[in-house]
Participant: 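Below you will find the structure I want to go over with you.
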Amino acid sequence: MSGGKLNIYKRVRLEKPRLLLGFSGWMDSGEVSTGVVKQLVKRLGAEKMGEIESEGFYLQSFPGSMEVTALFRPHVKIEDGQITSFETARNDFFCSEEHNLILFSGREPNLNWGEFADCIFRLCSELGVEMIYFIGSVAGLVPHTREPRILCSVSDSKVKEVFADYGLKFTNYEGPASIVTYLSANANKHGLGMASLVAAVPAYIQGNNPKCIESVTRVVAGLLGVHIELDTMRNVSDAFEKKLNDV
């Protein structure tokens, strides 16, 4: 199946599957958004089944300092004078038929949000998805010694009633929106429900945060009703916290 910039190249057998989204970019502090999806793909044995082509959705450069424009440019690796890799944005779908779950890992688009969202909504329509989840993370004034606090926003009151039973705190926010907000605001038009779960993680820790990734993966797995082995992640998390405590 394919259409426009959505390519689905693996047939899957699913019954009203769930879709979990993770995006790099604005709401990926500690690499929690992409890290949780990566861990679930690995531990559920999910296989790649499709993609959204990147052309037309991203700025390749931006006026300003080198530090600013570097955020938009493709990533290149040169070894001994030879280009060994040239990476542009990827937006990949993975599927675990056993767990009736579709996982998406991508980069938040800079341009053409409507077309990008249509690719996701069309996949939902073709595969019978009725519920979309997003997992994200933002830098906050929270210590590394505590579990990250998760805030929730939903597409409509019916979804809110369901998530109220999980004891999650609902978001109060006014400010710049993201592609996730756009998707949630338009989900009802496509007969979908959507919940956005955003973890507040320590702002003073830069880069990958194994402790928060492990903690949020545990929460998301519980919400989705999937069982995964977390001992290895817990060991890495404990070692990471010990290093932070020593510092």
Side-chain angles (χ1 to χ4, degrees), residues 8 10-23 27-28 30-50 92-106 120-121 123-137 147-171 180 183-184 187-188 190-201 210-237:
I8 304 175
K10 177 178 171 56
R11 291 182 176 274
V12 291
R13 296 181 179 179
L14 302 165
E15 181 65 32
K16 295 182 180 179
R18 291 77 46 82
L19 170 62
L20 176 67
L21 306 174
F23 284 100
M27 287 198 289
D28 194 24
E31 300 178 15
V32 171
S33 183
T34 51
V36 169
V37 173
K38 181 178 180 180
Q39 288 296 330
L40 288 173
V41 167
K42 177 181 178 181
R43 296 176 189 284
L44 296 178
E47 297 183 355
K48 186 175 174 180
M49 56 161 288
D92 296 324
F93 292 98
F94 303 85
C95 179
S96 170
E97 294 182 84
E98 178 185 353
H99 298 90
N100 211 36
L101 180 64
I102 301 168
L103 301 149
F104 172 84
S105 180
I120 292 177
F121 290 141
L123 175 133
C124 291
S125 175
E126 293 184 2
L127 299 182
V129 174
E130 294 184 353
M131 186 66 193
I132 302 174
Y133 300 82
F134 165 72
I135 185 64
S137 49
E147 296 276 300
R149 182 180 60 175
I150 297 179
L151 300 175
C152 179
S153 62
V154 295
S155 57
D156 59 69
S157 58
K158 292 181 180 178
V159 177
K160 186 173 183 179
E161 290 174 6
V162 173
F163 278 83
D165 294 336
Y166 289 97
L168 296 171
K169 182 177 177 60
F170 290 103
T171 306
V180 175
L183 288 165
S184 189
N188 278 343
H190 299 269
L192 297 164
M194 183 166 176
S196 175
L197 309 170
V198 180
V201 303
K211 176 180 173 63
C212 289
I213 292 173
E214 183 272 331
S215 177
V216 177
T217 299
R218 181 167 14 97
V219 172
V220 171
L223 288 172
L224 294 173
V226 298
H227 176 74
I228 57 174
E229 185 277 314
L230 289 169
D231 290 345
T232 303
M233 291 184 69
R234 169 58 73 180
N235 292 337
V236 173
S237 170

Participant: If I compare all heavy atoms of L14 with all of S96, which pair ends up nearest, and what's the gap?
Facilitator: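 Here L14 and S96 meet closest at CD2-O, 4.3 Å.
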Participant: Taking all heavy atoms of A200 and all of P148, pick out the closest pair and write down the distance.
Facilitator: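 For A200 versus P148, the nearest heavy atoms are O-CB, 3.4 Å.
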Participant: Using side-chain heavy atoms (C-beta onward) and a distance below 4.5 Å, is V129 in contact with I102?
Facilitator: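 Yes, at least one pair of side-chain atoms sits under 4.5 Å.
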Participant: Identify the heavy atoms of S155 and L192 that sit nearest to each other, and give their distance.
Facilitator: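 Residues S155 and L192, closest heavy atoms: OG-O, 4.2 Å.
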Participant: Minimum heavy-atom separation for S33 to D28, with atom names?
Facilitator: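 In this case the closest contact between S33 and D28 is N-OD1, 2.8 Å.
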Participant: Closer than 3.5 angstrom, by distance alone: can the side chain of S184 be matched with the main-chain N or O of V180 as a donor-acceptor pair?
Facilitator: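 Not at all, since once roles are kept as given, no pair shorter than 3.5 Å links the two residues.
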Participant: Less than 4.5 Å apart, any side-chain heavy atom of L223 and any of R18?
Facilitator: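 Of all side-chain heavy-atom pairs linking R18 with L223, none is under 4.5 Å.
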Participant: Might you work through the side-chain contact (heavy atoms from CB on, under 4.5 Å) test for I132 and C124, ending with a clear yes or no?
Facilitator: CA-CA 9 Å; I132 302 174; C124 291; 3.8 Å; yes
Participant: Rounded to the nearest 0.5 Å, what separation is found between the CD1 atom of I135 and the CD1 atom of I150?
Facilitator: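 Between I135 CD1 and I150 CD1, I get 5.5 Å after rounding to 0.5 Å.
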Participant: Are the side chains of L40 and L20 in touch, meaning some heavy atoms are under 4.5 Å apart?
Facilitator: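 L40 vs L20: side chains touch.
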Participant: Return yes if some donor-acceptor pair links the side-chain N/O of R218 with the main-chain N/O of L230 below 3.5 Å, else return no.
Facilitator: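 Side chain of R218 to backbone of L230: no pair is present.
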Participant: I'd like to check L19 versus L127 (side-chain heavy atoms, cut-off strictly below 4.5 Å). Are they in contact?
Facilitator: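 A side-chain contact under 4.5 Å is absent here.
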Participant: Just verifying a value: how many Å separate L103 CG and Q39 CD, rounded to the nearest 0.5 Å?
Facilitator: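 Spacing of CG (L103) from CD (Q39) equals 12.0 Å.
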Participant: Given 3.5 Å as the limit, does a donor-acceptor pair link the side chain of T34 with the main chain of F23, or not?
Facilitator: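 Here the side-chain-to-backbone pair does not exist.
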Participant: Do the side chains of S137 and V216 get nearer than 4.5 Å, heavy atoms only?
Facilitator: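 The answer is no; the side chains never approach within 4.5 Å.
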Participant: Partners of E97 by salt bridge (Lys or Arg N to Asp or Glu O under 4.0 Å), sequence neighbours excluded?
Facilitator: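 Checked E97 against salt bridge (Lys or Arg N to Asp or Glu O under 4.0 Å); zero matches.
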Participant: Keeping D156 on the side-chain end and K160 on the backbone end, is there a donor-acceptor pair under 3.5 Å?
Facilitator: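 No, because the side chain of D156 does not come within donor-acceptor range (under 3.5 Å) of the backbone of K160.
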Participant: What pair of heavy atoms forms the shortest contact from I213 to V32, and how long is it?
Facilitator: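 Shortest heavy-atom separation between I213 and V32 comes out as CG1-CA, 3.9 Å.
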Participant: Taking it one step at a time, do H99 and I228 satisfy side-chain contact (heavy atoms from CB on, under 4.5 Å)?
Facilitator: CA-CA 11 Å; H99 298 90; I228 57 174; 5.9 Å; no
Participant: Once salt bridge (charged side-chain N to carboxylate O under 4.0 Å, His left out) is applied, what residue pairs with a partner in residues 39-48 remain, sequence neighbours excluded?
Facilitator: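 As it turns out, the salt bridge (charged side-chain N to carboxylate O under 4.0 Å, His left out) pairs with a partner in residues 39-48, which skip direct neighbours, are K10-E47, R43-E229, K48-D92.
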Participant: Hey, what do you get for CG (N100) to CD (E15), rounding to the nearest 0.5 Å?
Facilitator: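 Reported value, rounded in 0.5 Å steps: 7.0 Å.
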Participant: State, to 0.1 Å, how close F134 and L21 come at their nearest heavy-atom pair, and which atoms those are.
Facilitator: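 Reported closest heavy-atom pair: CD1-O, 3.4 Å.
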Participant: Answer yes or no: is there a donor N or O on one side and an acceptor on the other, between the side chain of S196 and the main chain of C152, under 3.5 Å?
Facilitator: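 Checked: no pair found.
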Participant: Does the plane of the ring in F104 sit parallel, tilted or perpendicular to the ring in F93? Use 30° and 60° as the thresholds.
Facilitator: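 Tilted, since the angle between the ring planes falls between 30° and 60°.
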Participant: Can you measure from CG (L168) to CG (L197) and round to the nearest 0.5 angstrom?
Facilitator: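 The CG atom of L168 sits 6.5 Å away from the CG atom of L197.
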